[in-house]
*Asks:* 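Got a structure for you, questions after.
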Amino acid sequence: MARFIFITGGVVSSLGKGLASAALGALLQARGYSVRLRKLDPYLNVDPGTMSPFEHGEVFVTDDGAETDLDLGHYERFTGVAARKTDSVSSGRIYSNVLEKERRGDYLGKTIQVIPHVTNEIKDFIAIGEDEVDFMLCEIGGTVGDIEGLPFFEAIRQFSQDKPRGQCLFMHLTLLPYIKASGELKTKPTQHSVKELRSIGLAPDILVCRSEGPIPTKEREKLALFCNVRPDSVIAAQDLSTIYDAPLAYHREGLDQAVLDAFQISPAPKPDLTKWEDVSDRIHNAEGEVKVAIVGKYTQLEDAYKSIAEALTHGGMANRVRVKVEWVDAEVFDTEEAAPHLEGFHAILVPGGFGERGTEGKIKAAQYAREHKVPYLGICLGMQMAVIEAARNAAGIKEAGSEEFDHESGKKRFEPVVYHLKEWVQGNHKVERKVGDDKGGTMRLGAYDAVLAEGSKVAEVYGGTAIEERHRHRYEVDIKYRDKLEKAGLNFSGMSPDGRLPEIVEWSDHPWFIGVQYHPELKSKPFDPHPLFRDFVRAAKDTSRLV
Ligand code: GLN
């Protein structure tokens, strides 16, 4: 039976709750325990798949095809445990389940209420697979005091009461603001936040306090006294230069020890932190730097491409170089020349995206990379744009475009080199889609196999010809154009096992130009960089040596 750790936040949002949870997961693993991390989000969307990356950051896709919060990406990157559909839930999903049951008659005769029906649904979710791991870490999104978070707080309160004493622990993350004028770290907002928690029946066992500097003894004692936690359970979370120092930093501050103490696990198994020491060493002792342009649409919010930025960092770690990412807004060269914006980069990456805005710029970026022999990695939409570029400028299909943009504008303007996917095979059944289908959860989602061509660049990069990668797309390169494109030099080097869906394209006469229909960034880890990112950064490093 798992022990449960509930992670809540107070004072302000964006304190790095997801990261703290992920780092704690990694530390428990380092002590020999198995872990699983979960995210419970109070918003009303059924999943974040329908939210704009501008608002909510990237959508993280799991192997089993769920569109989830980007914190699940942190969890995977730190623990290596593949997230599942059952590791992410929102109020929207909970309510939708409850209402479905109500209609079905599961609660016949009863009045449906937040307590117990909604809270029971949340508790059932938390308990899924509780026998599988030693520790289950559940992070509650938002901050204490949010109206929509209340059912979740109530559910975890009840849950801990339902379990035997000592099986659940509450960890609360807050901010200690530093007032420059008086040179003080202020504890009052944390006190208020804990007071708020206690008013709904939750008493934190551990306080993790974000602060610019160390927490002086006086403030630590004050927090312990007023918030009713032990002084050694007040953990300082100082700002770090890289997130990958978090496990070591939290360990130094005694977080994992405090957790094991709270569960009365004694003697505590000794941690093996060599993996994280190596990760930290690679980040801090990089030799040289490569400059990579990410040509995208959501460049104002870095979280929109979180996993890509992290995967590039991992690629850098594998090659012992620092990867300096610059965000280039594709829309700028919809109308302008691309070259002046792309000169000086050692590699170009065009990420995934939706909608037509910025796509002419992305096509120009692909053309620039092809013509100037700059390493290019196109991901999902970035692959589709590379194919359209090849069709227009190398295969003579002047009107080539994507049906996605015609559907959006309601006008037929393009020859659909990229078309709307109507059916595909998943496992041993056929999935079918129509253009007017609902938007939520209907893309080709999750892990699918692909077969790589022997002797291709990608087969060399992966070191094999059978791969499984995560997908999230509605449109697809049309196999009809394969011959024309291959004659022009763009090879279809990876296909779905039935040979119908192009998964990878690469230019034969280019040092490194690869487009993939899937999202390799989702599977990259600091201690196990994804082969494509490892080799893409290696190619960028080679380019940097040429100039
Ligand atoms: N919009 C494209 C599609 O649906 C690409 C999706 C993506 O980049 N994730 O196929």
Side-chain angles (χ1 to χ4, degrees), residues 47-54 56-63 65-68 70 73 294-299 303-309 311 330-331 348-363 365-366 376-389 391 400-409 414 416-424 431 433-448 450 469-479 481 494 496 500-505 514-523 532:
D47 62 42
T50 50
M51 286 189 225
S52 159
F54 278 127
H56 197 71
E58 143 191 297
V59 174
F60 191 80
V61 182
T62 60
D63 280 330
E67 299 177 280
T68 71
L70 54 75
I294 299 189
V295 182
K297 182 167 69 168
Y298 313 112
T299 47
D303 270 359
Y305 303 113
K306 188 78 199 151
S307 293
I308 290 182
E331 263 185 288
I348 295 171
L349 189 152
V350 177
F354 295 84
E356 185 168 7
R357 201 156 57 76
T359 52
E360 288 302 322
K362 292 177 185 178
I363 291 170
Y376 177 95
L377 176 57
I379 294 179
C380 209
L381 188 70
M383 171 217 196
Q384 297 174 354
M385 295 307 103
V387 170
I388 291 171
E389 193 278 317
S402 170
E403 252 189 355
E404 177 174 2
F405 314 144
D406 278 352
H407 288 156
E408 191 184 26
S409 65
F414 295 119
V417 171
V418 177
Y419 72 108
H420 185 270
L421 202 50
K422 304 284 182 308
E423 57 174 60
W424 64 88
V431 184
R433 291 285 185 269
K434 291 188 298 300
V435 173
D437 282 349
D438 283 357
K439 289 282 180 281
T442 52
M443 282 188 254
R444 181 169 176 251
L445 287 168
Y448 285 88
E469 293 281 4
R470 293 184 195 166
H471 295 68
R472 181 174 188 247
H473 63 123
R474 225 183 283 284
Y475 295 84
E476 174 76 35
V477 173
D478 196 335
I479 186 84
Y481 297 92
S496 60
R500 291 168 64 176
L501 307 181
E503 290 275 7
I504 307 174
V505 293
I514 295 174
V516 294
Q517 184 56 73
Y518 50 83
H519 292 274
E521 72 274 18
L522 302 179
K523 296 222 295 196
L532 277 173

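Every number for a ligand or one of its atoms is a count from 1 in the order of the listing. From a predicted model like this one, the values you see are computed outputs, not experimental measurements.
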*Asks:* Is it true that E503 and R444 have a side-chain N and a carboxylate O under 4.0 angstrom from each other?
*Replies:* yes

*Asks:* Atoms of ligand 1 less than 4.0 Å from G352 heavy atoms?
*Replies:* 8 (O)

*Asks:* Looking only at N/O atoms, are L381 and ligand 1 under 3.5 Å apart anywhere?
*Replies:* yes

*Asks:* To check your reading of the model: name the closest protein heavy atom to atom 2 (C) of ligand 1, its residue, and the distance in Å.
*Replies:* E404 OE1, 3.2 Å

*Asks:* Would you mind checking which non-hydrogen protein atom is closest to atom 9 (N) of ligand 1, with the distance to 0.1 Å?
*Replies:* R472 O, 2.9 Å

*Asks:* Below 4.0 Å, non-hydrogen atoms only: which portion of Q384 touches ligand 1? Side chain, backbone, both or neither.
*Replies:* side chain

*Asks:* What protein heavy atom sits nearest atom 10 (O) of ligand 1, and how far off is it?
*Replies:* Y475 N, 2.9 Å

*Asks:* Give me the residue, atom name and distance of the protein heavy atom closest to atom 5 (C) of ligand 1.
*Replies:* G353 O, 3.3 Å

*Asks:* Can you list the atoms of ligand 1 that are under 4.0 Å from a heavy atom of R474?
*Replies:* 3 (C), 4 (O), 10 (O)

*Asks:* So Y475 and Q384, do their side chains get closer than 4.5 Å, heavy atoms only?
*Replies:* yes

*Asks:* Looking at every heavy atom in both E58 and Y305, which two are closest together, and how far apart are they?
*Replies:* OE1-C, 3.9 Å

*Asks:* Taking only Lys NZ, Arg NE, NH1 and NH2, and the carboxylate oxygens of Asp or Glu, determine whether R433 and E423 approach each other closer than 4.0 Å.
*Replies:* no

*Asks:* Is a donor on one side and an acceptor on the other found under 3.5 Å between the side chain of D406 and the backbone of F414?
*Replies:* yes

*Asks:* Return the residue, atom name and 0.1 Å-rounded distance of the protein heavy atom closest to atom 7 (C) of ligand 1.
*Replies:* C380 SG, 2.9 Å

*Asks:* Does an N or O anywhere in E476 fall below 3.5 Å from an N or O of ligand 1?
*Replies:* no

*Asks:* Numbering the atoms of ligand 1 from 1, which are under 4.0 Å from a heavy atom of H519?
*Replies:* 9 (N)

*Asks:* Is any side-chain N of the basic residue among E331 and R357 closer than 4.0 Å to the acidic one's carboxylate O?
*Replies:* yes

*Asks:* Mind listing the closest non-hydrogen atom pair of M383 and V505 along with its distance?
*Replies:* CE-CG1, 3.9 Å

*Asks:* Looking only at heavy atoms, what is the nearest atom pair of K362 and A330, with distance?
*Replies:* CG-CB, 3.8 Å

